[in-house]
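Written below as structure tokens is the structure these notes are about.
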Amino acid sequence: NNPSYMYLNSGIYDVTLYIESDLGCKDTLKKEAYITLQYPEADFVANAQNICLGDQVEFSNLSDGIGLTYLWNFGNGNFSNQMSPKQDFYTDDSFDISLIVTDTFGCSNEKEIFGYIQVQEPVADFLTSGSTSNCPPLISSFTDSSSLDVIAWKWWFSDGSHSTLQNPSHFFANSGSFDVALEVVNQYGCKDTVIKEGLINIFGPTGSFFISDTIICQGDTVQFIPNMHNTDFYIWDFGDGNISNDSLAQYAFQDSGTYT
């Protein structure tokens, strides 16, 4: 008289009651769409799956059900109960994303996608041949050894030059210590930079000099004070045909004029 029935699938169901009396009289009662059964179904998409380190991903909830609550697991130790959350990813890795939905009747459903978010961070690195010289000039060759996903390169040399070749050579015209930097980019626009300070060392003489006076009277003596490095021998040319090999030179200009 009072039956129970277990519905196994979601759907909308009619219920019909057939009765018959002990005298053989019959009647039928049908209630259309009387039972509505909807199991929750978890579903979602992200606005991006291949991202750069530190990028934020927006998740759109496409789940179906009645009075749903949500539990997101982003695979990086972070969780959320929001309907459509946002999440930042700060590790170069792949991340499994799962969403559990629960309806007002306590029924739950889970969707998990393995490796759904991929942080595509390139790694910049390079090798060099010819990094030292006793005298300028020096030609150094640079070989890219960055990760295989790199599609663009930008080199900076601290003498003011740059290059966009993958494996450039560079002409260093002067003595000194020079930094070299390489920035790489992959197909997703993710970047990485490596800077090698003091990589190139050319040990020729470098420096400048000071002049005690630049405006003088005829016959006055001028002192020339060098501020040099890696220097053993000096040749001063005073611009009037006279020279000196003194390290601290001084010279008296006998004729009026402008001298270089």
Side-chain angles (χ1 to χ4, degrees), residues 44-62 71-80 82 84-99 111-134 136-204 206:
F44 62 86
V45 295
N47 67 328
Q49 292 179 243
N50 295 290
I51 63 172
C52 302
L53 194 69
D55 281 357
Q56 185 177 85
V57 177
E58 299 180 9
F59 293 92
S60 296
N61 197 325
L62 306 178
L71 178 59
W72 295 84
N73 185 341
F74 301 110
N76 59 357
N78 294 331
F79 300 84
S80 176
Q82 296 179 359
S84 296
K86 300 177 181 179
Q87 180 65 201
D88 300 326
F89 293 87
Y90 293 103
T91 306
D92 187 4
D93 205 347
S94 62
F95 298 90
D96 306 332
I97 307 299
S98 69
L99 170 62
K111 179 174 183 177
E112 182 173 15
I113 304 179
F114 297 100
Y116 187 60
I117 300 298
Q118 302 281 337
V119 179
Q120 305 283 0
E121 190 70 4
V123 178
D125 200 7
F126 64 90
L127 304 173
T128 183
S129 61
S131 59
T132 60
S133 176
N134 290 327
L138 172 66
I139 298 177
S140 296
S141 297
F142 300 90
T143 303
D144 170 54
S145 59
S146 305
S147 53
L148 297 178
D149 59 334
V150 171
I151 62 170
W153 302 262
K154 190 168 185 180
W155 300 80
W156 288 275
F157 309 101
S158 64
D159 64 353
S161 302
H162 66 274
S163 174
T164 55
L165 297 175
Q166 181 179 4
N167 299 302
S169 295
H170 184 63
F171 180 87
F172 293 91
N174 300 309
S175 301
S177 179
F178 301 95
D179 307 333
V180 179
L182 170 62
E183 179 188 81
V184 296
V185 184
N186 66 15
Q187 63 179 318
Y188 303 105
C190 307
K191 298 180 180 181
D192 187 41
T193 302
V194 58
I195 301 174
K196 297 187 179 183
E197 297 181 351
L199 178 64
I200 305 298
N201 292 281
I202 305 174
F203 298 109
T206 60

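- To the nearest 0.5 Å, the span separating CZ on F74 from NZ on K86 amounts to 12.0 Å.
- Q187 contributes atom CD, which lies 7.5 Å from atom CG of N50 (distance to the nearest 0.5 angstrom).
- Side chain of Q49 to backbone of A46: no donor-acceptor contact under 3.5 angstrom is found.
- The line from CG of N78 to CH2 of W72 is 14.0 Å long, rounded to the nearest 0.5 Å.
- Between V150 and N186 the shortest side-chain heavy-atom distance does not fall below 4.5 Å.
- In this structure, F126 has its ring center at least 6.0 angstrom away from the ring center of W153.
- The two atoms that bring G198 and S177 nearest to each other are CA-OG, 3.4 Å, heavy atoms only.
- Side-chain contact between S98 and K111: absent, with no pair of heavy atoms (C-beta onward) separated by less than 4.5 Å.
- Side chain of S175 to backbone of F203: no donor-acceptor contact under 3.5 angstrom is found.
- Heavy-atom contacts from other residues, nucleotides or ligands closer than 6.0 Å to NZ of K191 number 12 or fewer.
- Ring geometry for H170 versus F172: interplanar angle over 60°, hence perpendicular rather than tilted (30 to 60°).
- Relative orientation of the Y116 and F44 rings is perpendicular, given thresholds of 30° and 60° on the angle between their planes.
- To the nearest 0.5 angstrom, D55 atom CG is 11.0 Å from Q120 atom CD.
- Within the 3.5 Å criterion, the main-chain N or O of I202 finds no donor-acceptor partner in the side chain of S133.
- Within the model, atoms OG1 of T91 and CG of L53 stand 7.0 Å from one another, a figure rounded to the nearest 0.5 Å.
- Of all the heavy atoms in E112 and D96, the pair that sits closest is OE2-CB, 4.0 Å.
- Contact check for N76 versus Q87: side-chain heavy atoms found under the 4.5 Å cut-off.
- Looking at V180, I195, L199, D179 one by one, the single match for side chain to side chain contact (heavy atoms under 4.5 Å, CB included) with S158 turns out to be D179.
- The two residues W155 and Q166 have their closest heavy-atom pair at CZ2-O, 3.3 Å.
- Between S146 and D144, the shortest heavy-atom contact is OG-OD1, 2.6 Å.
- Checking D88 against Q56 by side-chain atom types alone, a donor-acceptor pair falls below 3.5 Å.
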Could you check D159 against N174 for side-chain contact (heavy atoms from CB on, under 4.5 Å), going step by step and ending with a plain yes or no?
-> CA-CA 9 Å; D159 64 353; N174 300 309; over 6 Å; no
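- To the nearest 0.5 Å, atom CZ of residue F95 and atom CG of residue N73 are 11.5 Å apart.
- Of the N and O atoms on the side chains of N167 and T143, not one donor lies less than 3.5 Å from an acceptor on the other residue.
- The 12-atom threshold is not exceeded at CG of L148, counting heavy atoms of other residues, nucleotides or ligands nearer than 6.0 Å.
- Proximity of a side-chain donor or acceptor of S131 to a complementary backbone N or O of I200 within less than 3.5 Å is not detected.
- Defined by atom type and a distance below 3.5 Å, a donor-acceptor pair is present between the side-chain atoms of S169 and S141.
- Nearest heavy-atom pair across P122 and C190 is CG-O, 3.4 Å.
- Considering all non-hydrogen atoms of both residues, D149 and S147 come closest at OD1-OG, 2.6 Å.
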Decide side-chain contact (heavy atoms from CB on, under 4.5 Å) for V119 and D93; before the verdict, give the C-alpha distance in whole Å, the side-chain angles of both, and the deciding distance to 0.1 Å.
-> CA-CA 5 Å; V119 179; D93 205 347; 5.8 Å; no
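- Between the side chain of D192 and the backbone N or O of A124 there is at least one donor-acceptor pair closer than 3.5 Å.
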